[in-house]
K.L.:
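Sharing a structure here in C-alpha cells format.
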Amino acid sequence: MATKSLTITDEAYDRLKAHKRDGESFTETILRLTESNRDVMKGFGEMKDVDGYRDAVELTRDKMNDDLRERERR
C-alpha cells in the first residue's frame, strides 16, 4: 500500500484525534469520516436499551413541546 505524508495544523490533528476510535488508525479514521455513501440512518435505535435513555428522550421531548407551545402563545 502506498503512503503519503501530510502536514496539518495542531488544531486539525486534535480534531481528527478526537474522532479516532480505540484501536483505529488515523487512516481508518479518515476513511470512515470521509466515506461518501454514509448511511444517515446508521446508529438509530442503538441506545434504546440504555438505562434511562427513554426517560431522558421523553423528558427532552416534553420540554421542547412546552417551549414551542409557550412561543406560539406569545
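Note that the structure is a prediction, hence the values are computed from the model and not measured.
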K.L.:
So, K63 side chain and D67 main chain: donor-acceptor pair closer than 3.5 Å or not?
P.N.:
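Checked: no pair found.
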K.L.:
Taking the side chain as everything from C-beta on, heavy atoms only, tell me whether R61 gets closer than 4.5 Å to N65.
P.N.:
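Contact flag for R61/N65 side chains = yes.
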K.L.:
For E70, give me all partners under side-chain contact (heavy atoms from CB on, under 4.5 Å), at least two apart in sequence or on another chain.
P.N.:
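Applying side-chain contact (heavy atoms from CB on, under 4.5 Å) to E70 gives R73, R74.
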K.L.:
Answer yes or no: are there more than 12 heavy-atom neighbours, outside D10 itself, under 6.0 Å from its atom CG?
P.N.:
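Counting other residues, nucleotides and ligands, CG of D10 stays at 12 neighbours or fewer.
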K.L.:
Is the shortest side-chain N to carboxylate O distance from R69 to D66 below 4.0 Å?
P.N.:
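Salt bridge: yes.
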K.L.:
Taking E58 for its side chain and D55 for its backbone only, find out whether a donor-acceptor pair lies under 3.5 Å.
P.N.:
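Looks like no, no N/O pair under 3.5 Å.
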K.L.:
Under the 3.5 angstrom rule, does the side chain of R32 hit a backbone N or O of H19 as a donor-acceptor pair?
P.N.:
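Yes, because the side chain of R32 sits within donor-acceptor range (under 3.5 Å) of the backbone of H19.
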K.L.:
So does R71 have more than 12 non-hydrogen atoms from other groups sitting under 6.0 Å from CZ?
P.N.:
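Not more than 12 within 6.0 Å, no.
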K.L.:
Should M64 and V57 be counted in the same cluster of Ile, Leu, Val, Met, Phe, Trp and Tyr side chains packed under 4.5 Å apart?
P.N.:
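Each belongs to a different hydrophobic cluster.
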K.L.:
The criterion is side-chain contact (heavy atoms from CB on, under 4.5 Å); which residues satisfy it with I30, sequence neighbours excluded?
P.N.:
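side-chain contact (heavy atoms from CB on, under 4.5 Å) list for I30, sorted by chain: L16, T34.
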K.L.:
Mind checking the CD-CG spacing from E28 to L33? Nearest 0.5 Å is all I need.
P.N.:
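Nearest 0.5 Å value for the CD-CG distance: 11.5 Å.
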K.L.:
Would you give the length of the straight line joining atom OG1 of T7 to atom OH of Y13, rounded to the nearest 0.5 angstrom?
P.N.:
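Answer rounded to 0.5 Å: 14.0 Å.
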K.L.:
With a 4.5 Å cut-off on side-chain heavy-atom distances among I, L, V, M, F, W and Y, is there a chain of contacts connecting V50 to L59?
P.N.:
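As far as the 4.5 Å side-chain criterion goes, L59 and V50 are not connected within one cluster.
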K.L.:
Not counting sequence neighbours, which residues clear ring-ring contact (aromatic ring centres under 6.0 Å, His included) with Y53? List them please.
P.N.:
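Result, ring-ring contact (aromatic ring centres under 6.0 Å, His included) vs Y53: none returned.
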